[in-house]
Amino acid sequence: MIIILKRGVSESEIDAVSDKLQEHGYQSHVTRGVEDTIIAALGAPSPQEKDLVAPQLQALDWVERVLFVSKPYKMVSRESHPEDSVFELGEHPDSTRIEVGGKKLVVMAGPCSVENLENTTYTAEQVQKSGATMLRGGAFKPRTSPYDFQGLGLEGLQILAEARRLTGLPVITEVMTPALVEQVCEYADVLQIGARNMQNYDLLREVGKSRTPVLLKRGLSSTIEEWLKAAEYILAGGNSRVMFCERGIRTFEPSTRFTLDLSAIPAIKKASHLPIIIDPSQGTGRRDMVISMSKAAIAAGADGLIIEVHPHPEDALSDGQQTLDTAQFESLMGDLKLIAGAVGRTV
Ligand code: PEP
Ligand code: MN
């Protein structure tokens with residue numbers, strides 16, 4: 001059950017609903033949105049849910065409505081929140097605040113890995129000139145081989161913060177372990193949960209406790225339903241600002257590194273109210289496909305893109321083969337204006 005409260009509800013009124021739910025064996029999770037306050041009744045439904053609990057709740061003056069959600073991903077599902085979720089991010093004092101899920105697309109661009117201050121600030125300035133609204137860059141890198149570059153760690157976070165100070169671009173970076181969530185939150189405007197960690201439930205619970213927005217990448221071999229349930233862990237923890245990110249899945253096709261599943265866009269839009277971002281860089285593993293897949297993603301209704309850009313992709317310490325240079329990124333942004341306009345969005 002989802003209980004939507006009337007605007008301007010008081011804390012004691014919220015507590016009264018939570019107490020009633022607890023009496024009937026539910027756990028309650030309160031989400032205080034910009035306008036609405038929503039309480040999710042979690043746990044196995046009481047046998048008296050429809051006949052007793054819901055009518056009693058509905059009888060409270062401050063309850064707007066009670067919804068029955070059949071899906072296991074209750075707070076994530078569109079049943080619980082029929083309108084698209086639109087939220088702001090960029091609370092760091094140096095960040096320019098941006099909106100996600102609204103008319104203007106979010107474009108996150110930057111190197112796969114943060115390598116040094118000079119390349120990172122140069123890339124941030126260039127992608128900003130071309131219209132990017134966020135800076136991406138990995139400081140803690142989940143590399144397939146233990147002998148590959150593993151990222152600069154804390155130094156990488158500090159470099160991202162310096163690039164943000166110079167440009168105002170909010171920063172997204174990956175956090176790989178629960179123990180590092182607090183530290184990464186000090187620097188990041190958005191926490192990236194990598195594909196390899198989509199089902200790391202301890203990590204999902206930890207980022208659920210934080211109030212930093214999250215980009216949840218789809219696991220390499222995860223179904224849409226598993227992905228929705230992974231997002232539910234974060235929302236159930238009280239962190240409602242979650243974006244999905246499709247980044248390609250494993251199929252039998254070897255000509256691309258992964259198969260970018262663009263049908264995830266309408267699938268997620270149907271199942272959930274949360275925004276979806278496409279990563280055509282990891283999704284194809286091929287620079288020559290990044291521009292066309294970006295355009296297709298926006299045409300299909302994605303809320304934004306996350307794209308790898310480096311001043312000299314051939315020298316990048318990771319994922320150079322799928323990375324655009326700054327001129328290619330500028331050209332992509334030009335193309336995106338046309339596509340975005342055709343589907344009622346802007347860049
Ligand atoms: C990345 O964004 O560089 C990355 C490692 O992503 P993924 O988790 O999707 O592989
Ligand atoms: Mn990468």
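Only a predicted model underlies this, so the values are computations on that prediction, with no experimental measurement involved. Both counts, for ligands and for their atoms, begin at 1 and track the order of listing.
Any N or O atom pair closer than 3.5 Å counts here, and Gly194 shares no such pair with ligand 1. Remark: ligand 1 and Asp319 share no N or O pair separated by less than 3.5 Å (distance only, no angle test).
Not one N or O on the side chain of His92 forms a donor-acceptor pair closer than 3.5 Å with the backbone of Gly168.
With atom 10 (O) of ligand 1 as the reference point, the heavy atom nearest to it among Glu174, Arg247, Arg143, Gln282 is part of Arg247. Taking each of Glu246, Arg218, Arg136, Met176 in turn, the one with a heavy atom nearest to atom 2 (O) of ligand 1 proves to be Arg136.
Contact check on Asp319 versus Arg287 returns no salt bridge, with no Lys/Arg side-chain nitrogen under 4.0 Å from an Asp/Glu carboxylate oxygen. A salt bridge links Arg143 and Asp148; the closest N-O separation between the charged side-chain nitrogens and carboxylate oxygens is under 4.0 Å.
The Glu308 neighbourhood of ligand 1 comprises atoms 1 (C), 3 (O), with distances under 4.0 Å to a heavy atom of that residue. Each of the following atoms of ligand 1 lies closer than 4.0 Å to a heavy atom of Arg196: 7 (P), 8 (O), 10 (O).
The protein heavy-atom contact nearest to atom 6 (O) of ligand 1 is Lys217 NZ, 3.0 Å. The protein atom (non-hydrogen) at minimum distance from atom 8 (O) of ligand 1 is Ala195 N, 2.8 Å.
Residue contact check for ligand 1: Lys141 places a non-hydrogen atom closer than 4.0 Å to it. At least one heavy atom of Cys112 sits under 4.0 Å from some atom of ligand 1.
Partners of His24 according to the ring-ring contact (aromatic ring centres under 6.0 Å, His included) rule, which considers only residues two or more places apart in sequence or in another chain, do not exist here. Considering only residues two or more places apart in sequence or on other chains, Arg196 meets the salt bridge (Lys or Arg N to Asp or Glu O under 4.0 Å) condition with none of them.
Here the closest non-hydrogen pair linking Val242 and Pro275 is O-CD, 3.5 Å.
Side-chain contact annotation: Thr284 with Thr256, donor-acceptor N/O pair under 3.5 Å absent. Neither side chain, Arg65 nor Gln58, offers a donor N or O lying under 3.5 Å from an acceptor on the other.
Geometry about the Mn ion (ligand 2) gives an angle of 120° between OD2 of Asp319 and OE2 of Glu308, rounded in steps of 10 degrees.
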